[in-house]
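Note that the structure is a prediction, hence the values are computed from the model and not measured.
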Amino acid sequence: MLKAFSGGTFSRDFVASIVVFLVAMPLCMGIAVASGVPPEKGLITGIIGGIVVGLLAGSPLQVSGPAAGLAVIVFEIVREQGLSALGPILILAGAIQVVAGLLRVGGWFRAISPAVVHGMLAGIGVLIVVGQFHVLFDDKPLSSGLQNLIAMPGQIFGLSNSDAATAFAVGMVTIFGMLGWEKFRPASLKLVPGALVGVVAATLIAFLLGLPVARVTVPESIVGAIALPDGGLLAQLLNPTVITTAIAIAFIASAETLLSAAAVDRMHDGVRTDYNRELSAQGVGNLLCGFAGALPMTGVIVRSSANVQAGAKTRMSAVLHGVWILGFVALLPWLLREIPMAALAGILVVTGVRLVSVDHVRHLLHRYGPLPAVVWAATLICVVATDLLTGVLVGIGLSMLELVPHLSRLRLRMEEESRGDAHEVALRGSATFLNLPKLSAKLDSLPTAGLVILNVERLGHIDHTCAEMVREWVDRRRGAGSPVELFGATGRMRQLVA
C-alpha cells in the first residue's frame, strides 16, 4: 500500500475513488431494496467492502460491495427465514471463503464454465427486472420470478391509480435520465455515472413538485442500522438450513468475485490478481457483514470497471470510496430520505436488462457450437423457474457433457523449453476445465519479456472454458506488447485458441 502514496498515484486514486463512490451509492441502496432489506444494509456492506476488503484484497483494482447477483437469493432468505437468519448465514459463508482461500482453491472457481456464469447472471437479470418492475409502481415484488412475470400486465393496466402512475413516471425519469446521459454526455463529464444523474433528476422532480411517492427510509445514525447477532447464534450456525444456504452463498459469491477479478485484470496492465488472497479477503468482509446484519458482498464488475476507467492505480481508491460512503451516510442521512424508491427501481431495471447478455451467447454459439449456448439457456431458465443454486448446478452438470467423448484421454501434459529469450510450452492431451487451474498457473508463470510459443500440435481437445482462458491470456499478453505465437493449430482448434 506504500505505493499508493507515491508521486501522482495518490491523486489518481483519489479522483477514481470519488467516481466509484458516485457509482456505488445508488447501487448499494438499490440492491438492498431488491434484496428485500432496508437500504442502509447495502450501504454498510459498501463501507465494509471498501475499507476492510480494500485493504486486504488480492485484486488491486477490484471494488467490493453488495451485488445484484446475490439479491435474488437474499430476497428468498429474508422471505422464508427472516432477516435475523441473514447474519448467521453470512458469518458461516464468510468463514467458508476464508478457509477456501487459505487452502488455495481460489483458482478452481475460474474453472466454472463461462456459459454457466453468464447464464446465471442472465437469469438474475430477468428476476431483477420482473421484480423491480413492481417497485416502479410503489408496489412490492411477489414471492417468485414467475409470479412477478405473470403480474406485470396487471400493473400496467392498473395505472388508473394516480399514485402508482406518479411513481412509475418518477421511475421512467430515472431510466431515461440514466440512458440519455450515457448516450449524450459531454466528453469532459464522461466519468459522471448515468445512475447518479438519473437518481438526482428523479429526486429533484419529486422534491420540487412534492410528489406523493414512497421514499427511502434510513436511520438517523449508521450505528443504528447495525444489528448484531442475538444469543442463539451457535444454535443457528448448526441449523442444516443455515449451513446449506451458507454454502450456496459462499460458492456463488466466490465464483462471481473471482470471475469479476479476471475480467478486471483484462482491463489494465498492472499487478495481476492473487485469487486465493482475494477469496480470503471476501470471506473476512462477509464475516463482518454477518456480524453487522448487512448484505453479502462480492467483487462487483460495474464499480470495478468504473475504477479502472477513472485511472485508479492501487487498492487505495477502493478504500477511499468506502470512506466517502461512511462520511455521506453519517453526515447527510436526511438527503438519502428524499430519494424515491421508484428511482432506485429504475436503476435496477436497467442493471437487470444489462445482465442478460445476448451478445455473449452469440459469441458462444459462433465460436464453440451449440452445447455452451444450451448450457447458458438452461441455466437461465432454471434460475428463473426454480432458484439460483439449482440453476447453477444444472448448468455445471450440462457443461460436463463436453467431457463425455474424451473420458479416456482427459490428461493434459505441459512441457516447457527455453531457447534463448524464447519460451515454448507444448500442450499434449485434452485441455478441459478439470485442468484449467494448472494450465492457467503455467501460462501466468511465463516470463513477461521475450517470445512465447504455444505449441498445440498434439493437443487433441480443448473445451470452451479453457479456450476462453487461453484466448484471454493471449490477448492480454499481446496487449502488453509481448509476442505470442501459436504452433500447430489447425481447423477448429485454430479458431478456438487463436
Side-chain angles (χ1 to χ4, degrees), residues 49 52-53 56-60 62 64 67 69-70 73 89-118 120-121 237 242-265 271-290 296-301 304 379 388-389 391-393 395-397 399-400 402-403 410-412 414 430-445 463-466 468-470 472-473:
V52 178
V53 178
L56 302 175
S59 178
Q62 179 159 258
S64 300
L70 290 173
I73 195 168
I89 288 171
L90 290 192
I91 291 171
L92 192 53
I96 292 170
Q97 288 183 296
V98 170
V99 172
L102 294 175
L103 294 177
R104 307 191 65 78
V105 300
W108 280 100
F109 283 94
R110 295 182 65 197
I112 299 173
S113 163
V116 174
V117 175
H118 284 273
M120 177 192 77
L121 293 175
L237 291 176
V242 168
I243 294 172
T244 303
T245 310
I247 293 171
I249 284 189
F251 176 80
I252 293 168
S254 300
E256 188 171 345
T257 290
L258 298 181
L259 288 162
S260 171
V264 174
D265 279 352
V271 179
R272 303 290 96 186
T273 294
D274 181 333
Y275 288 96
N276 296 304
R277 178 175 172 176
E278 180 68 20
L279 186 55
S280 290
Q282 294 290 328
V284 172
N286 276 319
L287 265 169
L288 293 176
C289 286
M297 73 171 61
T298 72
V300 193
I301 191 62
S304 302
T379 305
L388 200 60
L389 185 59
V392 170
L393 293 177
I396 291 174
S399 66
M400 288 184 177
E402 204 168 358
L403 298 177
L410 289 178
R411 187 179 177 189
L412 176 68
M414 294 175 284
S430 295
T432 68
F433 65 87
L434 295 176
N435 37 51
L436 183 143
K438 184 172 70 170
L439 175 59
S440 176
K442 168 60 72 176
L443 295 179
D444 288 340
S445 70
D463 69 8
H464 76 280
T465 306
C466 269
E468 284 286 279
M469 183 276 292
V470 172
E472 290 164 3
W473 175 81

Supply the atom-to-atom distance Thr379 OG1 to Leu393 CG, rounded to the nearest 0.5 angstrom. 10.0 Å
Give the minimum heavy-atom separation between Ala93 and Ala250, together with the two atoms involved. O-CB, 3.8 Å
Between Asn435 (side chain) and Ser430 (backbone), is there a donor-acceptor pair under 3.5 Å? yes
So which of Thr432, Val470, Leu436 actually passes side chain to side chain contact (heavy atoms under 4.5 Å, CB included) with Thr465? Leu436
Heavy-atom pair of closest approach, residues Ile89 and Ala246: O-CB, 3.5 Å
Tyr275 versus Asp265, closest heavy-atom pair with distance: OH-OD2, 3.9 Å
In Å and rounded to the nearest 0.5 Å, what is the CD1 to CD1 distance from Ile252 to Ile247? 12.0 Å
Cut-off 3.5 Å, side chains only: do Ser260 and Gln62 have a donor facing an acceptor? yes
What I'd like to find out is whether the side chain of Leu443 reaches to under 4.5 Å of the side chain of Met469, using heavy atoms alone. yes
Separation between CE of Met400 and OG of Ser113, rounded to the nearest 0.5 Å: 11.0 Å
One pair to check against side chain to side chain contact (heavy atoms under 4.5 Å, CB included): Leu70 and Ile73. What are the steps and the verdict? CA-CA 5 Å; Leu70 290 173; Ile73 195 168; 3.9 Å; yes
Nearest heavy-atom pair of Val242 and Leu237: which atoms, and what distance? CG1-CA, 4.5 Å
Looking just at side-chain N and O atoms, do Gln282 and Ser64 make a donor-acceptor pair shorter than 3.5 Å? yes
Locate the shortest heavy-atom distance separating Cys289 from Met297; write the atom from each residue and the value. SG-CE, 3.5 Å
Under the rule for side-chain hydrogen bond (donor to acceptor under 3.5 Å, both in side chains), what residues qualify as partners of Ser59, not counting sequence neighbours? Thr273
At what distance, to the nearest 0.5 angstrom, does OG of Ser399 lie from CG of Asp463? 8.5 Å
From Leu103 CG over to Ser280 OG, what is the distance, rounded to the nearest 0.5 angstrom? 9.0 Å
Beyond-backbone contact of Ile112 with Phe251, side-chain heavy atoms, under 4.5 angstrom: yes
So do Asp444 and Arg272 actually touch side chain to side chain, heavy atoms under 4.5 Å? no
Gap separating the CG atom of Asn286 from the CG atom of Leu92, nearest 0.5 angstrom: 11.0 Å
Determine whether a donor-acceptor pair (N or O, by modelled atom type, separation under 3.5 Å) exists between the side chain of Thr257 and the backbone of Ser254. no
Return the minimal non-hydrogen interatomic distance between Gly49 and Val53, and the atom names on each side. O-CB, 3.3 Å
